[in-house]
Amino acid sequence: MPIKPKIQTILFATDLSENARHAFAYAAGMADAYNADITVLHVIEKLPPKAELFLVAILGMNDTDELREKSQSDLILKIKEHIGHFCAEMAERMPECRFSPNAVLVEPGNAADRILHHAGTGSYDALVIGTHGHGIIHETMMGGTSRKVVLESPIPVFVIPMRKTDKD
């Protein structure tokens, strides 16, 4: 008889897109099935230095650190709000929405590198990530971030494809 994998903590990487919302349903279902915690990770791609300085000047901030701090704290709140709404929707489909993210991480950097960094800490048992597709490329390959994560991750990766729509 096969042994059920031990999954206690799931890392869910999101770009807050509609497909990431679709992928979160899988992370939530897995968390429910394994009674696991979910850590949500969103990576803010770095802005070019000139763009940061321009935003600091326009927003009347003291420096780029203040901009990054404010952006991250605002994004953390938005992610938590997004997850709360999603949990309410999932509660209609699941008998009990008994999971909640044990952490929300928002940080700057390269998405694939930051996801792999967290996957390699030993704190997670599985990783859930959605793919992006652009036209014909979608039919033949995964996006760059998900491809790199799958190839280099030290933990199992569940790659959730884009949901087909009537337009596809």
Side-chain angles (χ1 to χ4, degrees), residues 1-47 52 64-91 93-133 141-163:
M1 179 192 243
I3 298 174
K4 182 178 177 180
K6 185 176 178 182
I7 299 176
Q8 295 177 321
T9 307
I10 298 165
L11 178 61
F12 173 66
T14 180
D15 62 0
L16 303 179
S17 67
E18 189 58 35
N19 195 56
R21 185 177 174 83
H22 172 67
F24 187 73
Y26 285 85
M30 186 183 297
D32 187 56
Y34 286 92
N35 195 25
D37 291 326
I38 299 174
T39 296
V40 178
L41 172 64
H42 175 75
V43 179
I44 302 170
E45 295 286 339
K46 290 185 178 179
L47 291 172
E52 282 186 340
T64 55
D65 291 336
E66 184 181 356
L67 172 68
R68 287 185 205 114
E69 186 177 307
K70 181 169 176 34
S71 296
Q72 287 183 12
S73 63
D74 289 347
L75 197 49
I76 289 170
L77 290 174
K78 287 179 183 177
I79 291 172
K80 286 182 178 181
E81 182 180 308
H82 178 76
I83 292 165
H85 290 299
F86 186 77
C87 186
E89 289 176 25
M90 289 301 292
R93 287 188 252 164
M94 291 182 176
E96 183 179 314
C97 188
R98 60 189 172 101
F99 63 89
S100 63
N102 65 342
V104 174
L105 307 173
V106 179
E107 53 192 52
N110 174 276
D113 292 343
R114 298 311 305 154
I115 293 166
L116 289 167
H117 166 78
H118 287 283
T121 64
S123 302
Y124 304 102
D125 304 303
L127 167 66
V128 177
I129 187 171
T131 62
H132 277 287
M141 64 177 62
M142 288 185 284
T145 298
S146 52
R147 176 186 305 281
K148 183 174 181 178
V149 168
V150 166
L151 292 173
E152 298 180 23
S153 177
I155 60 176
V157 179
F158 295 84
V159 180
I160 311 305
M162 289 183 67
R163 184 180 354 200

In sequence, state the C-alpha distance, the side-chain angles, and the governing distance for F12 and F24, and then conclude on ring-ring contact (aromatic ring centres under 6.0 Å, His included).
-> CA-CA 7 Å; F12 173 66; F24 187 73; 5.0 Å; yes
E107: what forms a side chain to side chain donor-acceptor pair (under 3.5 Å) with it, not counting sequence neighbours?
-> R114, H118
Output for pair (L105 CG, T14 OG1), nearest 0.5 Å, gives 12.5 Å
Between Y34 and K4, is there a cation-pi geometry (under 6.0 Å to ring centre, at most 45° from the normal)?
-> yes
Sequence-distant partners of E66, salt bridge (charged side-chain N to carboxylate O under 4.0 Å, His left out), two or more places apart | none
With sequence neighbours left out, the residues meeting ring-ring contact (aromatic ring centres under 6.0 Å, His included) with H117 are none
Distance from T121 atom OG1 to L116 atom CG, nearest 0.5 Å?
-> 11.5 Å
Of all residues at least two apart in sequence or in a different chain, which pass the side-chain contact (heavy atoms from CB on, under 4.5 Å) check with P108?
-> K46, Q72
Grab the two heavy atoms, one from P154 and one from A119, that are nearest each other, plus how far apart they are.
-> CG-O, 3.6 Å
Going from OH on Y124 to OG1 on T39, what distance comes out if it is rounded to the nearest 0.5 angstrom?
-> 4.0 Å
For H42, the side chain to side chain donor-acceptor pair (under 3.5 Å) test, sequence neighbours excluded, returns none
Provide the closest heavy-atom pair for A112 versus K148 in the form atom of the first, atom of the second, distance.
-> CB-CD, 3.6 Å
Do V150 and I129 touch side chain to side chain, with heavy atoms closer than 4.5 Å?
-> no
Does I10 reach the side chain of M30, with side-chain heavy atoms less than 4.5 Å apart?
-> yes
Flag side-chain contact, heavy atom, 4.5 Å: I155 against D125 | no
Decide yes or no for V106 and V104: does some side-chain heavy atom of the first lie under 4.5 Å from some side-chain heavy atom of the second?
-> yes
Within-4.5 Å side-chain heavy-atom neighbours: I115 and L41 = yes
Cut-off 3.5 Å, side chains only: do N19 and S17 have a donor facing an acceptor?
-> no
Is the side chain of D37 donor-acceptor paired with the backbone N or O of T9 at a distance under 3.5 Å, no angle test?
-> no
What are the two closest heavy atoms between S146 and G130, and how far apart are they?
-> CB-O, 4.2 Å
Who are the side chain to side chain donor-acceptor pair (under 3.5 Å) partners of N110, not counting sequence neighbours?
-> none
